[in-house]
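These notes are about the structure you will find just below.
For this chain, numbers begin at 1 and follow the sequence in order.
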Amino acid sequence: MIDAHFEAFETEIISDRLVIFTDLYRFYTTRETGYVKGEITFIDGSFLVVFQHVRIEAEELTVTDYRYHYMTAENKLIFRYDNAPHYPQMGTFPHHKHLPLGVQDATMPSSKDLLAEIDSIVIGQITRG
């Protein structure tokens, strides 16, 4: 079940037309837990650092921890989604999104939604650029 989840996650990333390089690693801490982490580079030099920890409980896979940190080629934050429990006032606690000017409510994006958001930014940069 964990392998299938990670395979789908990685396939979605690799299939994105704007991705030029991936460096993802899978780790298994037990038979019921594991994580994937690494970096994905896009055609404009921007990159996404990913971390996703999963657990199987009662035959269901749950993402327990995640971080999707998207940066410019110059290492400046564009956004970061995560569920670190340090903003209890957020309506979507513990889920939230960091932006250059602050933090806002957000839920964990699917890999498809995450890549669509990044693709929109990359295409915008290219067309303006």
Please identify each residue that fulfils side chain to side chain contact (heavy atoms under 4.5 Å, CB included) with T30, with sequence neighbours left out. E32, T33
May I have the step-by-step check of side chain to side chain contact (heavy atoms under 4.5 Å, CB included) for I126 and I43, ending in yes or no? CA-CA 9 Å; I126 291 170; I43 62 172; 3.3 Å; yes
Residues in side chain to side chain contact (heavy atoms under 4.5 Å, CB included) contact with K76, at least two apart in sequence or another chain: T72
Contacts of H96 meeting side chain to side chain donor-acceptor pair (under 3.5 Å) (sequence neighbours excluded), chain-then-number -> D82, H86, H98
Show me, pair by pair, the donor-acceptor contacts under 3.5 angstrom made by side chains of residues 49-62, not counting sequence neighbours?
{"unit_1": "Q52", "atom_1": "OE1", "unit_2": "H5", "atom_2": "NE2", "d": "2.5"}
{"unit_1": "Q52", "atom_1": "NE2", "unit_2": "Y68", "atom_2": "OH", "d": "2.7"}
{"unit_1": "H53", "atom_1": "ND1", "unit_2": "T64", "atom_2": "OG1", "d": "2.6"}

Ring geometry between F27 and Y35 (parallel below 30°, tilted from 30 to 60°, perpendicular above 60°): parallel
Can a salt bridge be assigned to the pair K112 and E117 using a cut-off of 4.0 Å between side-chain N and carboxylate O? no
How does the hydrophobic cluster around L101 look, that is, which other residues are in it when side-chain heavy atoms under 4.5 Å mark a link? none
Determine, using the 4.5 Å side-chain heavy-atom cutoff (strictly less than), whether L18 and I20 are members of one ILVMFWY cluster. yes
Following the transitive rule for hydrophobic clusters with a side-chain heavy-atom cut-off under 4.5 Å over Ile, Leu, Val, Met, Phe, Trp and Tyr, establish whether L114 and L77 coincide in one cluster. no
Under 4.0 Å between a side-chain nitrogen and a carboxylate oxygen: does that hold for D105 and K97? no
Measuring only between side-chain heavy atoms, which start at C-beta, is I40 closer than 4.5 Å to F21? no
Cluster question for you: counting only ILVMFWY and a side-chain heavy-atom cut-off of under 4.5 Å, with indirect links fine, are M71 and Y66 together? no
Taking side chain to side chain contact (heavy atoms under 4.5 Å, CB included) as the test, write out the residues that go with T107, two or more places apart. T92
